Amino acid sequence: FVRPSQSVQRTAPTLNMAALPEVNIGIFGGGTVGGGIVEIIESKREHFEKMTGKSINVKKIVVRDLDKARDFTVPEGCVITTDFDDILGDDSLDIIVEVMGGTTLANDVVRKALSNGQDVVTANKALIAANLPDIEALINKVNEGKDEKVEFRYEAAVCGGIPIIRSLQSDFVGDDITMISGIINGCTNFMLTAMDVHGKSYDEALSEASDLGYAEADPTLDVGGFDARSKLKILIRLAYGIDVEEEDISCRGITDLTKLDFQYAKMMGGSIKLIGVAKAVGDGKVAAFVSPAYVTQNDSLYAVTGATNAIELISKNLETTTLIGQGAGRYPTANSCINDIISLAKGDKTPLPFNPPSKDAKFVNNYESNFFIRLKYKDALGITRQCGEVCEKYGVSIHSMLQNPTTKSDDAAFAIVTEKVPLSSVKKFCAEIEELDWCQGPAFYMPVLREDWETALV
Ligand SMILES: NC(=O)C1=CN([C@@H]2O[C@H](COP(=O)(O)OP(=O)(O)OC[C@H]3O[C@@H](n4cnc5c(N)ncnc54)[C@H](OP(=O)(O)O)[C@@H]3O)[C@@H](O)[C@H]2O)C=CC1
Ligand SMILES: N[C@@H](CC=O)C(=O)O
């Protein structure tokens, strides 16, 4: 994934550089994304000069380890440092780019830069999701009464290379979004494809995703669904004006998936994808979740493989809008950061960094769906009857049951597909079933993504 460093050449500018005003940049992070940003700025230097009438220069890069070999060419005159104050105390820097990751030091960096009147570009969804109201309050405070306002840009934070943030900030102002759904984590989609299509083990798939620069520094964020949840929180604010607590969004990752789940999904004619959904459910309420979901073979998301992300927006005016593209990795992510940087260099203004909050919309942590429930069991008499009884108790109507012939009496599994029922009922059903003697380990459940899934079956 890394272009050989020799290929990064600083092309001779055709414009008279001395005459050009400078846009000076300090970058926190010289890893996957930071390296990509430097490479693109250097390789398109002349083009950017023509486009902005300015010379765009990366002046300083903060890293953790000065001795680490860099897989990009450090531009002439650019200082690599471990001292945050080298950048934060330097008023000659116009744009501070935070691509270091984390939510503590990165938060300090972003706050200090904004307070100092410097524009900020970040790819850090965890940071934004954890601090969205605080960042917004700070931006408002810093900009109060000022003609020259600081800008906060974060296009790369959601779905890497897909321009979803700009689109939600400016293309849906006269529209009402009823549903946002899609594949919003590249690492897990890459892993699920590797496991389902290429027969890789979970560990092989994760190691490959890390090597390709898709995984977070802490991959638990990816496989646990938390990275997707951070992104969904940002999307919910942009689309519905709600600042939901991240922890309130129901979140399940891919760690509980087994080969059996893929087998059953195949038997039903589809596959499993880690999906983020936010949906208007009536009365101004919005529900959301991150979860593996069953998708049928003719669903548009079925064919979205590898690190590709896809976001589908259903809205009153535009009906269905789908954005598909690379959601992770060096160049897709750096591409979004570059778009933010060049837009700032050109003096473009964002309509509003986070879109206005809505007074009326409310978040609810419940939704209705058909569900796939897989239960591992130790063979015993009366299992189906007991399942039926617990289903009846919680109003969970069974659509169908799937079971491979039992080969091992102490390690077998079957799956139930429910009719459309509330998540809360499924949780109660699972909790009670897990208490029964024959049930082995936790029940696994996931929604069926589409309401018309049966007609979509092939
Ligand atoms: N990779 C991707 O596909 C995407 C990443 N992002 C986001 O972009 C950000 C960066 O990701 P990525 O480039 O992949 O991460 P990497 O781990 O590749 O790079 C992180 C960089 O930050 C430096 N760094 C980390 N912690 C510190 C610290 N405490 N002090 C100084 N320097 C530090 C590291 O220094 P050193 O090199 O010396 O260790 C490294 O250069 C994250 O917020 C991530 O969520 C967003 C979209 C996609
Ligand atoms: N780890 C993230 C990187 C981009 O946001 C992902 O895989 O989507």
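Fair warning: this is a prediction, and the values are worked out from it, not measured in the lab. We count ligands from 1, going down the list as the structure has it; atoms in each ligand are counted the same way.
In terms of polar-atom proximity, G329 is counted as a contact of ligand 1, with an N or O under 3.5 Å from an N or O of the ligand. Looking at Y214 next to ligand 1, no N or O pair under 3.5 Å apart turns up. Looking at G31 next to ligand 1, an N or O pair under 3.5 Å apart turns up. Residue contacts with ligand 1: G213 is placed with a nitrogen or oxygen under 3.5 Å of a nitrogen or oxygen of the ligand (distance criterion only). On a distance-only criterion, A215 and ligand 1 share no N/O pair closer than 3.5 Å.
For atom 17 (O) of ligand 1, the closest non-hydrogen atom of the protein is A217 CB, 4.6 Å. Regarding atom 3 (C) of ligand 2, its nearest protein heavy-atom neighbour is E216 OE2, 3.3 Å. Remark: minimum distance from atom 20 (C) of ligand 1 to any protein heavy atom is reached at M100 O, 3.7 Å. Looking from atom 29 (N) of ligand 1 to the surrounding protein, the closest heavy atom is L105 CD1, 3.4 Å. With respect to atom 8 (O) of ligand 2, the closest heavy atom belonging to the protein is G186 N, 2.7 Å. The nearest heavy-atom contact from the protein to atom 34 (C) of ligand 1 is R64 NH2, 4.1 Å. Looking only at heavy atoms of the protein, atom 7 (O) of ligand 2 is closest to C187 N, 2.6 Å. Ranking the protein heavy atoms by distance from atom 8 (O) of ligand 1 puts A123 CB, 3.6 Å first.
E148 has no carboxylate O lying under 4.0 Å from a charged side-chain N of K146, or vice versa, which leaves the two without a salt bridge. Contact check on E208 versus K200 returns a salt bridge, with a Lys/Arg side-chain nitrogen under 4.0 Å from an Asp/Glu carboxylate oxygen.
In D222, the part holding a heavy atom less than 4.0 Å from any atom of ligand 2 is the side chain. By the criterion of a heavy-atom distance under 4.0 Å, the side chain of D227, and not its backbone, is placed next to ligand 2.
With a 4.5 Å cut-off on side-chain heavy atoms, V38 and P75 count as touching.
Atom 15 (O) of ligand 1 lies below 4.0 Å from none of the non-hydrogen atoms of the protein.
Remark: K149 NZ is packed, more than 12 non-hydrogen atoms of other residues, nucleotides or ligands lying under 6.0 Å away. E245 CD: 12 or fewer foreign heavy atoms inside a 6.0 Å radius.
Under a 4.0 Å heavy-atom criterion, R330 is not in contact with ligand 1. Contact analysis leaves E98 out of contact with ligand 1, as no non-hydrogen atom separation drops below 4.0 angstrom. Judged by the shortest distance from any of its heavy atoms, F84 lies inside the 4.0 Å radius around the atoms of ligand 1.
Here is the list of ligand 2 atoms found below 4.0 Å of a heavy atom in K125: 2 (C), 3 (C), 4 (C), 5 (O). Residue G327 has at least one heavy-atom neighbour below 4.0 Å for each of these atoms of ligand 2: 4 (C), 5 (O), 8 (O).
The residue among V99, T32, I37 with a heavy atom at the shortest distance from atom 9 (C) of ligand 1 is V99. Comparing A106, G101, A156 by heavy-atom distance to atom 43 (O) of ligand 1, the nearest is G101.
At least one donor-acceptor pair closer than 3.5 Å links the side chain of N189 to the backbone N or O of V304.
Stacking of R450 on the aromatic ring of Y294 is not recorded, the 6.0 Å distance cut-off and the 45° axial limit not both being met.
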